Protein chains: 4
Amino acid sequence: MTRQRIVNRPRGRPRSQDADTALHAAAIALIRDIGYDAVTMEGIAERAGVGKATLYRRFASKEPLVVEALGGIMRKVPVPDTGTLGGDVRRLLRSTSIMYEDPATRHLLSGLVAAMARNEAIARAVRHGFVATWRDAMRQILARAAARGELRRGLDAAFATHLFAGPLLYRFLIDGDRVDERFTRRVAAVVLRGIAL
Amino acid sequence: MTRQRIVNRPRGRPRSQDADTALHAAAIALIRDIGYDAVTMEGIAERAGVGKATLYRRFASKEPLVVEALGGIMRKVPVPDTGTLGGDVRRLLRSTSIMYEDPATRHLLSGLVAAMARNEAIARAVRHGFVATWRDAMRQILARAAARGELRRGLDAAFATHLFAGPLLYRFLIDGDRVDERFTRRVAAVVLRGIAL
Amino acid sequence: MTRQRIVNRPRGRPRSQDADTALHAAAIALIRDIGYDAVTMEGIAERAGVGKATLYRRFASKEPLVVEALGGIMRKVPVPDTGTLGGDVRRLLRSTSIMYEDPATRHLLSGLVAAMARNEAIARAVRHGFVATWRDAMRQILARAAARGELRRGLDAAFATHLFAGPLLYRFLIDGDRVDERFTRRVAAVVLRGIAL
Amino acid sequence: MTRQRIVNRPRGRPRSQDADTALHAAAIALIRDIGYDAVTMEGIAERAGVGKATLYRRFASKEPLVVEALGGIMRKVPVPDTGTLGGDVRRLLRSTSIMYEDPATRHLLSGLVAAMARNEAIARAVRHGFVATWRDAMRQILARAAARGELRRGLDAAFATHLFAGPLLYRFLIDGDRVDERFTRRVAAVVLRGIAL
DNA sequence: TCCTAAGCGAGACGGTACGTCCAGTCTTCGT
DNA sequence: ACGAAGACTGGACGTACCGTCTCGCTTAGGA
């Protein structure tokens with residue numbers, strides 16, 4: 001007896017991978033060139049050399065497109081392992097702040113936060129992507145510190161994320177200031193002292 | 001010789017105060033009803049029963065209008081004075097979180113953050129308004145605590161604002177979770193310990 | 001054991017000459033349902049259960065398809081032979097007018113004239129089809145009348161067609177009125193008198 | 001006592017006469033350049049230098065626009081008065097045929113007939129415009145001929161229109177042939193004989 | 001009491017982008 | 001090799017807003 005087909009075998013011409021790639025690239029390029037808000041679906045399609053129908057077949061609006069496009073850019077948060085809690089936290093905050101600092105991604109991020117604030121689907125996607133990744137990194141750092149006896153066990157990683165990442169977000173988003181190393185070190189120092197044994 | 005004009009004495013029919021009021025009200029109402037992004041200048045003018053020219057004579061775009069309209073709503077952050085640093089901070093955070101919680105202002109705030117992220121003029125207005133007010137409240141609290149000897153003098157109020165308000169912002173904006181009293185108390189406790197003498 | 005598929009049998013190759021039939025039927029049906037202009041190639045293909053490529057392999061546009069589809073409908077103009085010129089003409093005009101009157105073909109005909117007016121290929125096809133047939137019928141009638149001595153020999157059949165069929169066309173196309181028997185009789189009477197010996 | 005306002009005083013900015021003129025001109029020009037069917041609303045608006053909204057505010061589709069635009073072109077059918085019925089008819093038919101012949105209006109006319117065949121509103125407009133004018137011309141000619149005793153009184157002008165204009169229409173629309181003077185003279189001769197006293 | 005300037009609501013203006021639909025072509029899978 | 005399914009680019013559709021510009025009409029202060 002032959003194995004049963006999984007399900008829903010696609011019929012007709014399959015979707016072009018090239019079109020996806022071109023759309024992602026066009027979206028990123030346009031956001032950098034003219035800013036998130038000035039980007040239009042029409043402009044993306046044209047820049048990508050893709051018909052509007054093809055674009056709309058994939059993305060109902062520009063937000064999901066941008067989320068997907070950004071996925072390839074800010075996917076990785078390297079989990080540091082310096083041997084000490086303080087070293088790990090400082091390095092994690094710093095690598096995050098560098099992302100904020102990068103003029104290339106700067107506008108993308110603020111635009112993305114804007115989109116999250118208004119669109120629940122975007123918000124969910126980001127939460128399950130970058131945000132979850134960050135929190136997991138924090139969880140590992142805390143777990144190792146606990147294993148070394150630097151910290152009590154069971155400290156809430158989500159709460160630690162709020163404490164460490166919140167100040168950076170505030171400075172970036174509300175103040176519009178640079179999130180430099182001096183700032184991340186001060187945040188790390190104060191919060192680490194606050195959550196110490 | 002004729003009397004010198006003081007300055008730019010207005011000529012012609014003065015601007016209607018009613019129109020301003022109606023525009024503010026219409027903007028707020030529409031944001032609550034259909035969301036910040038779906039609000040259009042056209043819609044505001046119609047809802048306010050005001051000509052579009054009248055609207056554009058006052059506001060170049062919807063952001064300044066919304067900022068002004070919101071000014072009347074989130075003007076006051078009462079500066080608590082409980083006699084202890086901890087009490088003051090807990091009360092300040094709590095009153096802030098209540099604003100986040102209020103379903104009435106919730107959408108307004110996220111929409112405003114969205115606007116800040118994309119529009120420098122809005123960002124400036126908000127920074128010089130609500131944000132500055134909050135930081136001043138923090139400054140007073142810290143000063144009183146220092147005067148009581150609870151805290152060292154000269155602690156950076158802006159930095160304290162990042163530490164206290166940042167986690168709330170993160171939770172509100174990124175997680176989309178309720179900013180309840182338990183959360184504000186935990187933030188207050190950790191950060192106070194971190195900045196303690 | 002191979003189970004027999006009840007429904008949703010995947011339609012593959014066995015459809016060759018059925019496709020033509022289905023396309024004709026779909027075209028006719030759609031013209032009646034939604035009108036000539038609202039008919040699209042896409043709609044015809046879908047209604048016929050035929051791929052668009054299959055459709056385009058047969059017809060470059062909807063006009064040739066419609067012409068071919070209509071061929072089966074308005075193929076025959078019976079050449080009357082009543083024994084007198086007047087009888088023949090009256091019968092020919094009447095049978096033509098009945099075609100105009102038929103609510104089923106009415107829209108098809110006006111749509112076809114519309115297509116002729118704009119598309120030379122359609123025009124040629126119709127001229128070599130229905131129009132030529134009609135003129136030949138007229139030629140036979142005139143020839144028999146001449147043989148009977150009712151009419152001079154060599155009367156131009158094309159011109160007679162203009163004289164007899166033109167008024168019907170005008171009434172049908174321009175006035176949008178019914179082309180009833182009273183009308184065809186009056187036309188026959190006047191024109192016959194005009195071309196009499 | 002002051003006179004009452006008539007009615008419905010217009011409010012807001014009045015519609016621009018320039019836009020109307022530009023739209024008419026653009027429609028005519030485009031039909032001549034690329035043919036009736038290839039003309040799009042978008043193209044008309046662009047050629048006229050007019051916003052699409054302005055165009056759609058005036059015309060729901062291109063047919064009414066074309067009808068209106070053509071109104072200015074084929075308004076006049078000069079009613080001939082040569083002193084004899086034959087002279088009048090020959091002149092009327094000839095001036096009509098010249099309109100058919102004019103390469104400028106040729107496409108317009110066939111496109112218009114196409115539109116009539118499919119759109120009742122267009123058909124009505126044309127019937128009450130050009131068609132009615134032509135029939136009235138015919139009526140005057142017949143009346144003068146009757147007054148001169150050349151013809152019996154009360155001959156149906158509409159029917160005469162069918163007889164005279166129908167053959168021209170058929171030749172123009174179905175055959176696609178030139179409607180030259182020889183043809184119009186032959187038609188005039190036969191039909192006049194057919195309706196003679 | 002008029003005059004003049006700037007206000008007012010209404011709505012048309014030239015534009016841009018929207019999201020949908022269809023044209024005509026191309027690609028994959030299954031028969 | 002053919003046929004269905006459905007992807008592809010391209011472009012018009014008709015709508016909604018943008019920000020500007022007339023309209024006819026207040027509404028004030030100054031002459």
Side-chain angles (χ1 to χ4, degrees), chain A residues 9-19 22 38-46 48-62, chain B residues 9-16 18-19 22 38-46 48-62, chain C residues 9-16 18-19 38-46 48-57 59-62, chain D residues 5 9-16 18-19 22 38-46 48-62:
Chain A
R9 173 201 296 274
R11 298 225 272 168
R13 178 175 175 174
R15 293 200 180 166
S16 158
Q17 173 56 41
D18 290 358
V39 174
T40 63
M41 293 294 262
E42 196 121 17
I44 293 169
E46 190 188 348
V50 146
K52 283 171 69 177
T54 299
L55 171 51
Y56 278 104
R57 210 174 283 127
R58 289 164 163 75
F59 306 100
S61 63
K62 76 175 169 177
Chain B
R9 174 194 293 275
R11 303 226 278 165
R13 179 176 174 176
R15 292 196 182 168
S16 158
D18 291 357
V39 174
T40 63
M41 292 292 263
E42 195 121 16
I44 293 169
E46 189 187 349
V50 146
K52 282 171 67 179
T54 300
L55 169 52
Y56 278 102
R57 209 172 284 126
R58 289 164 163 76
F59 305 99
S61 63
K62 79 175 167 175
Chain C
R9 173 194 293 274
R11 295 163 293 263
R13 189 172 160 185
R15 196 101 188 213
S16 195
D18 292 354
V39 174
T40 63
M41 292 293 263
E42 193 121 17
I44 293 170
E46 189 188 348
V50 145
K52 282 171 67 178
T54 301
L55 170 51
Y56 277 104
R57 207 172 288 126
F59 306 100
S61 64
K62 77 176 169 177
Chain D
R5 295 265 180 212
R9 168 176 351 181
R11 299 226 271 167
R13 178 174 173 174
R15 294 202 179 163
S16 157
D18 290 359
V39 173
T40 63
M41 292 294 262
E42 195 121 16
I44 293 170
E46 189 187 347
V50 145
K52 282 172 69 178
T54 298
L55 170 51
Y56 278 105
R57 210 172 282 126
R58 290 165 162 74
F59 306 100
S61 63
K62 75 176 169 177

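Convention: sequence-line order gives letters A, B, ...; per-chain numbering from 1. What you see is a predicted model, and the numbers here were worked out from it, not measured in a lab. What's counted below: heavy atoms across the whole structure, side chains too, no hydrogens, waters or symmetry copies.
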Interatomic spacing from OG in Ser16(A) to CZ in Arg57(A) - rounded to 0.5 Å
10.5 Å
For Arg57(C), answer base if it contacts any base atom (sugar-phosphate contacts may also be present), sugar-phosphate if it contacts only those atoms, and nothing otherwise; contact means non-hydrogen atoms under 4.0 Å.
sugar-phosphate
Reading DNA chain E from 5' onward, which residue's closest nucleotide shows up sooner: Gly43(A) or Ala19(D)?
Ala19(D)
Nearest listed nucleotide, side chain of Arg15(A), among dA12(E), dG19(E), dC8(F)
dC8(F)
Strictly below 4.0 Å: does Thr54(C) bring a side-chain N or O up to OP1 or OP2 of dG3(F)?
no
Determine the contact category for Ala53(D): base if any of its heavy atoms lies under 4.0 Å from a base atom, sugar-phosphate if only primed atoms, P, OP1 or OP2 are that close, otherwise nothing.
base
Nearest whole angstrom, please: distance from the P of dA23(E) to the CD of Glu46(C).
12 Å
Which nucleotide wins on minimum distance to the side chain of Tyr56(A), given the candidates dT20(E), dA10(E), dC26(E)?
dT20(E)
Val39(B) and Lys62(B): which non-hydrogen atoms are nearest, and at how many Å?
O-NZ, 3.0 Å
Grab the CD-P distance between Glu42(C) and dG10(F) for me, whole Å please.
18 Å
Whichever of Thr40(D) and Lys62(B) has the more 5' nearest nucleotide on DNA chain F, that residue is Thr40(D)
Spacing between Asp18(A) atom CG and dC26(E) atom C1', to the nearest angstrom
14 Å
Non-hydrogen atoms of Phe59(C) and Met41(C) that approach each other most closely
O-CE, 3.7 Å
Per atom distances to the Val50(B) side chain, the nearest of dA7(F), dG9(E), dT26(F) is dG9(E)
Looking at Lys52(C) and Ala45(C), would you say the former's side chain and the latter's main chain have a donor-acceptor pair under 3.5 Å?
no
Whole-Å distance between dC18(F) C1' and Leu55(B) CG?
12 Å
Under 3.5 Å, is there an N or O donor on one side and an acceptor on the other linking the side chain of Lys52(D) and the base of dG15(E)?
no
It should be established whether Arg13(B) places a side-chain nitrogen or oxygen under 4.0 Å from OP1 or OP2 of nucleotide dT26(F).
no
Distance check: side-chain N/O of Arg58(B) vs OP1/OP2 of dC8(E), anything under 4.0 Å?
yes
Along DNA chain E (nearest heavy atom to each residue), the more 5'-positioned of Ser61(C) and Pro14(B):
Pro14(B)
Within the 4.0 Å heavy-atom criterion, would you say Gly49(D) contacts the bases, only the backbone, or no part of the nucleic acid?
sugar-phosphate
Calculate the interatomic distance between Met41(D) atom CE and dT15(F) atom C1'; express it in whole Å.
13 Å
